[in-house]
Amino acid sequence: MNENAGNELDTSLRESLKDTFDANLDAPPFDRVFDAAEQQVRRSRRRNRWYAGAAAAAIVTALVIGLQTPDSVYIQVDDLMATTQWTAPSDVLLPTHEFDIYQELPVLLESTKPAEGALL
Amino acid sequence: MRDGDALENNPEITRSALEAIHGQVFGWALSRCDYDRAAAEDLMQQAYVELLSGKARFKSQSSLKTFVFSVVQNLARSRYRRMATRLRLVREHAGQSDDAFLPAEPENNGDVWSAVKSLPARQRDVIELVFCREMTIEQASAVMGVSVGTGRVHYERAKKSLRTRLQNLTDQLT
């Protein structure tokens with residue numbers, strides 16, 4: 001195949017292919033596609049802003065709570081003792097009734113029955 | 001100082017410049033999605049999101065068209081990687097045959113398209129970019145993420161292969 005024939009084939013090929021590729025080409029309106037893209041970007045930005053705000057609020061809340069809570073609680077022995085007191089067990093019953101339970105000794109009955117030389 | 005309609009996070013891109021190449025970019029997105037229009041529109045929207053959010057930043061190191069085509073190409077690759085993973089999982093769990101997951105055929109299924117479709121993916125891409133999207137081989141290589149030398153090799157092989165196939169088709173018809 002000589003060069004001219006090759007170039008002619010190139011040209012016809014180019015034209016045929018262009019027709020073929022463009023046959024289905026009916027592009028949607030630019031404004032519609034571009035505006036949809038802009039809306040998508042805006043929505044994405046709003047969402048990102050919301051996430052960033054929520055994350056910042058969470059961090060601030062955590063910091064505030066962290067600052068308000070003391071690091072650790074140590075109780076000094078003196079402070080602990082100052083809050084405590086000791087009293088003896090109550091003996092309130094004795095003065096009220098005023099009797100001595102050991103005042104009279106009980107008298108036990110004596111046995112009169114002997115058994116093998118000893119009293120039972 | 002950016003222009004009035006320049007993008008906030010991509011000051012070197014203007015809305016009007018994007019609008020000017022919108023049709024061509026959609027064509028590229030369409031071919032990246034096996035001619036599924038809904039998927040292509042979604043891909044376009046994602047590409048614009050990348051530009052608007054500044055995730056894909058244009059620094060005038062190439063033409064805007066090359067840059068936006070590259071963004072679409074990268075998004076399509078990511079999309080297919082995700083889809084491939086999902087399909088693999090579905091196949092593993094459902095035990096369905098591969099036929100259920102074949103991509104949709106393009107509407108125009110003529111001889112030329114059949115010849116192009118039978119090319120390896122890289123060759124098909126470079127042919128589409130150069131022949132149909134009016135790019136140079138350098139620009140097409142940048143979009144495909146390959147070196148210019150590799151792009152040129154794919155281009156030459158694709159042309160040679162197409163010439164042969166179309167010549168055979170012509171011979172069969174006459």
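It should be emphasised that the depicted structure is a prediction, and the values quoted were computed from it without experimental measurement.
- Ion pairing between B:Arg32 and B:Asp125 holds under the 4.0 Å rule for side-chain N and carboxylate O.
- Among residues 49-82 of chain B, the residues having any heavy atom closer than 4.5 Å to a heavy atom of chain A are, in sequence order, B:Val49, B:Leu52, B:Ser53.
- Remark: the backbone N or O of B:Ile137 is paired with a side-chain donor or acceptor of B:Ser141 at under 3.5 angstrom.
- What you find for A:Ala27 and B:Gly23 is that their closest heavy atoms are CB-CA, 4.0 Å.
- Between B:Gln139 and B:Leu129, the closest side-chain pair of non-hydrogen atoms is not below 4.5 Å.
- Counting only distance, with no hydrogens or angles, the side chain of B:Asp36 and the backbone of B:Ala39 share a donor-acceptor pair below 3.5 Å.
- Ion pair A:Asp35/A:Arg42 not flagged as a salt bridge, since none of the NZ, NE, NH1 or NH2 atoms sits closer than 4.0 Å to an Asp/Glu carboxylate oxygen.
- For the set B:Lys159, B:Glu134, B:Glu41, the count of heavy-atom pairs under 4.5 angstrom toward chain A peaks at B:Glu41.
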